[in-house]
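As the structure is a prediction and not an experimental result, all values here were calculated from the model. Counting starts at 1 for both ligands and their atoms, in listed order.
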Amino acid sequence: MTSNVPALIAYVDAEQHYVYANQQYCERFAPQRSDIVGSTVSDILGEARYAIAAPLIDKVLQGEAQTYDWEPFPGVWQVVSYVPQRDAAEHVVGYYVMGTDITERKRAEARINALNGELWQQVHALDRTTRALRTLSAGNRTMLRARDETELLNSMCQAIVTAGGYGMGVIWYRADDGSDALRAVAECGRRGALKLLQSVTVSCAPGEFGAGVAGVAVRTGQTSTVADMAADPAYAAWRQHLSGFRSALGCPLRAGDTVIGALTIYHGEPDTFDADEVTLLTESADDLAFGIATLRAAAEQQRAQATMYRLTHFDALTGLPNHTQFAAALEAAVDTGHREGRPFVALQTNIDRLREVNDALGFAHGDAMLREFAERLRAAVPEGAVVARLRGDEFAILIPGGDRAAATALALQMDECLALPFGVADIPLDVSFKTGIVLFPEHGATPHDVFRHMDIALHQAKQRGARHAFFDAQRHRDQPIRLSMASELKRAIDGDQLRVYLQPKVDVRSGRVCGAEALVRWQHPQRGLVPPLEFIELAEHTGLIKPLTEWMLESVLTLSRDWAAAGRALPIAVNLSARNLRDEDLLDRIRQQLARFGTAPGLLELEITESTVMDDAEFALGVLHGLRGLGIPLHIDDFGTGYSSLSYLQRLPVECIKIDQSFVRDMSSNRDSAAIVRSTIDLVHDLGRRIVAEGVETQAHWDQLASLGCDVIQGYLVSRPMPAADFGAWLQGYSPLPGSPTAAARA
Ligand code: C2E
Ligand code: CA
Ligand code: CA
């Protein structure tokens, strides 16, 4: 029965002799023997197998049942049990052996183990692919969200660590100085690692510092991996910085045709990146590079737009809003003005004689002056006001909500802010300006009208010689009349409506009248006596200044001839305009006239304003020499309002400098004016010229000027301009002023 059981069965006594063995047992262990009863276990099993069985046999003979798997023959597996047999006294007298062949089971187990191993490997690989996929998709989400490059790089590194589960992600950029250096620009994975990464040398050139995955990726444009940084000689240079990371992967970041940097991923396990994973991570890096390029393009476009906006809305020199932007602000102000019944003030300010500054000091200094002017203007305006540079020397200001009071306050504020001299080229420069003021809505209800009236108000200020002027609608309505005035003026010149007025000049030291200035007046049939300020500009603009000046010259020369005949040899000065200097036959005409009237040299003088001379300095110099060649003493008028340089003044063939009335007027109240008068007098004397002060209205002015050494004085204090016919009588009755030497002698 035991031989029919599919198991190996035997009984062994305490001396390890077989007492019984079934057929299977014998076939397995002693196939060549017919019977094994009586043989020892060690005989039958053989040395090697007995060595395995012996310790277990010892135990079973001590009474402990034993079970074990063993492989008695190659490829044959058995599970064997030893069960002790006891006698009545409980002594172990032998043991049963029961063996079951488990070779099939063992084979299946091995197969399952192998399958499990394979499965594990596949799962592991899947895991790697999955982490790469997670990185890829998290990276792409990042791309959609990031608003700027830094944010993109940082969140990409973060995705590598948090979504991908890698140890560390780093992004490297090529240095922008054209060297081969690589610089870490973003990192995630180790707190504070970016600083450390930035302190180590990494390069994309071949060699010690270019052997890492970042360097290789940038150099070759290919993704590269390192299985174990701790062992790989490529990482010798950074061995102490690896902080436990073993494997590394570097993907190039490609923007167009160039590699701009690399994305590197580090992990604590060695040899962790497999082929699929590398493909996916390379794709991720490509997406990142695309994201970078897109953001850069967007940023570039934004910059271009900002530049365009700046160029089209701001003045490059002063940084102020430009004409376009001011026009838009004005339009908006008119809009809200109408809708909400809100007033506003618009002002236009022009710098006087900017051209002369440019000519005299050069454009760089002219520019510096403009910038400072803009700066001060900005400081002067109330909050919320718009200050713009329209063009050249023209500035504009808009005060939303402002009314007449606000405009007046600003005008005063501007006077204060702009009064101090400008430090241009180390010269304290007085900059004068004119402002035209327009109130919305009373002076203009459309942007067009406001703009136009700003300009007109400014001209009105100029005409009146005022620093500020509100738009004067009445005067403006006169404009068409003023135009028809041009033809009237022409008739006036031909038709004997002009008058010569004379204003005496007095020699300060002698107290005697030493000459007179001829000033034109228009005896208008309806409007009465019109002062020159109201028609000289018109004459200049229409070309009528030429016949007007000729009329003056002829009148003055006639007068001079009459005076000479009466034994009164006093020089008379005639004013020339800029347009007169441009007149090609000016010299010939004057030469002819002098000859025709037989005028003695020196009796006709000419006054030319400093600004006229400075308008085209070289040209003017030629004309002045021509006039001087005719024996005519020349005077520079309104001196101090232009910007003639000392060296230029020295070259001018002039007798006299007439210091401008504005300095004389302000002399006693303004220390700067007093200083200018004093230094001008000294300067002019140093150059061997004489100085005339005009606009002298008070005795105090006279005294001050006299003490400063001024040569000649002209002004209301001596006399207002009078009709030429009255001059003789006036002169007869003139007694030198108190304080002058002559007066002292008489007293
Ligand atoms: P200007 O050549 O500077 O003439 C001096 C002006 O100052 C004159 O004004 C004169 O009346 C004024 N004036 C003289 N003393 C005083 C004073 O003490 N106080 C004040 N406040 N003013 C004083 P006017 O006659 O109105 O002439 C104005 C300007 O018109 C002249 O300035 C000159 O540039 C121009 N002008 C006058 N006549 C002629 C002319 O025949 N030809 C040309 N081209 N311009 C002329
Ligand atoms: Ca004059
Ligand atoms: Ca003058």
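- Close contacts between ligand 1 and Val696 involve ligand atoms 18 (O) [criterion: under 4.0 Å to a heavy atom].
- Looking at Ile536 against ligand 1, only its side chain comes within 4.0 Å, counting heavy atoms.
- Taking the six-membered ring for Trp and thresholds of 30 and 60 degrees, His323 and Phe451 have nearly parallel ring planes, at less than 30 degrees apart.
- Between Asp455 and Arg452 there is no salt bridge, since no side-chain nitrogen of the basic residue lies less than 4.0 Å from a carboxylate oxygen of the acidic one.
- Closest N/O/S atom of Glu607 to the Ca ion (ligand 2): OE1.
- From the protein, the heavy atom lying nearest to atom 18 (O) of ligand 1 is Tyr716 N, 2.8 Å.
- Heavy-atom contacts of Glu694 reach the following atoms of ligand 1: 3 (O), 5 (C) (cutoff under 4.0 Å).
- Residue Asp637 approaches the Ca ion (ligand 2) most closely through its N/O/S atom OD2.
- In this structure, atom 30 (O) of ligand 1 has protein heavy atoms in its sub-4.0 angstrom surroundings.
- Using bins of under 30°, 30° to 60° and over 60° for the plane-to-plane angle, the ring pair Phe422/Phe373 lands in the parallel bin.
- Residues Asp415 and Phe433 have side chains in contact (heavy-atom distance under 4.5 Å, counting atoms from C-beta outward).
- For Arg353 and Glu610, the salt-bridge test fails: no basic side-chain N is under 4.0 Å from an acidic carboxylate O.
- With rounding to the nearest 0.5 Å, the separation of CG in Leu576 from CZ in Arg579 is 14.0 Å.
- For atom 24 (P) of ligand 1, the nearest protein heavy atom is under 4.0 Å away.
- For Asp637, the closest heavy-atom approach to ligand 1 falls below 4.0 Å.
- Of the residues Arg689, His635, Arg628, the one that meets the side chain to side chain donor-acceptor pair (under 3.5 Å) test with Glu655 is Arg628.
- Scanning all protein heavy atoms for the shortest distance to atom 15 (N) of ligand 1 gives Gln503 NE2, 2.9 Å.
- Using a cut-off of 3.0 Å, one finds that Thr609 contributes no N/O/S atom close to the Ca ion (ligand 2).
- Protein heavy atom in closest approach to atom 3 (O) of ligand 1: Asp638 OD1, 3.4 Å.
- Between Asn580 and ligand 1, no N or O atom pair is found at a separation short of 3.5 Å.
- At a 4.0 Å cut-off, at least one heavy atom of Gly695 sits close enough to ligand 1 to count as contact.
- With respect to the salt-bridge test (charged N to carboxylate O, under 4.0 angstrom), the residues Glu372 and Arg376 qualify.
- Which parts of ligand 1 touch Met552 is read off a 4.0 Å heavy-atom cut-off, strictly below it: atoms 41 (O).
- Within the 4.5 Å cutoff, no side-chain heavy atoms of Ile681 are placed close to those of Ile659.
- Remark: ligand 1 and Glu697 share an N or O pair separated by less than 3.5 Å (distance only, no angle test).
- Look at Glu534 and Arg527 and you find a salt bridge, because one of the NZ, NE, NH1 or NH2 atoms lies within 4.0 Å of a carboxylate O, short of that distance.
- For the side-chain contact (heavy atoms from CB on, under 4.5 Å) criterion with Phe395, the lone passing option out of Leu390, Asn350, Leu377 is Leu377.
- Using a cut-off of 4.0 Å between Lys/Arg side-chain N and Asp/Glu carboxylate O, Glu605 and Lys658 are scored as not salt-bridged.
- Here the heavy atom of the protein found nearest to atom 42 (N) of ligand 1 is Asn575 O, 3.4 Å.
- If you check which protein heavy atom lies closest to atom 39 (C) of ligand 1, you get Val520 CG1, 3.8 Å.
- Under 4.0 Å from ligand 1, not a single heavy atom of Arg665 appears.
- Side-chain polar atoms of Asp588 and Gln592 form no donor-acceptor pair below 3.5 angstrom.
- The shortest heavy-atom distance from Glu517 to ligand 1 is under 4.0 Å.
- The option from Ala539, Gly715, Pro532 that lies nearest to atom 28 (C) of ligand 1, judged by heavy atoms, is Pro532.
- Of the heavy atoms in Gln714, none comes closer than 4.0 Å to ligand 1.
- Side-chain atoms of Asn575 and Glu517 form a donor-acceptor pair, as typed in the model, at a separation below 3.5 Å.
- Of the protein's non-hydrogen atoms, Pro721 CG, 3.3 Å is the one closest to atom 11 (O) of ligand 1.
- In this structure, atom 13 (N) of ligand 1 lies nearest to the protein heavy atom Gln661 NE2, 3.6 Å.
- The CG atom of Leu603 sits 12.5 Å away from atom CZ of Arg568, with the distance rounded to the nearest 0.5 Å.
- Closest protein heavy atom to atom 10 (C) of ligand 1: Leu519 CD1, 3.9 Å.
- Residue Glu694: no N/O/S atom is found under 3.0 Å from the Ca ion (ligand 2).
- Among the atoms of Asp638, an N, O or S atom falls under 3.0 Å of the Ca ion (ligand 3).
- Atom OE2 is the N, O or S atom of Glu517 at the shortest distance from the Ca ion (ligand 2).
- Ion pair Asp711/Arg509 flagged as a salt bridge, since at least one NZ, NE, NH1 or NH2 atom sits closer than 4.0 Å to an Asp/Glu carboxylate oxygen.
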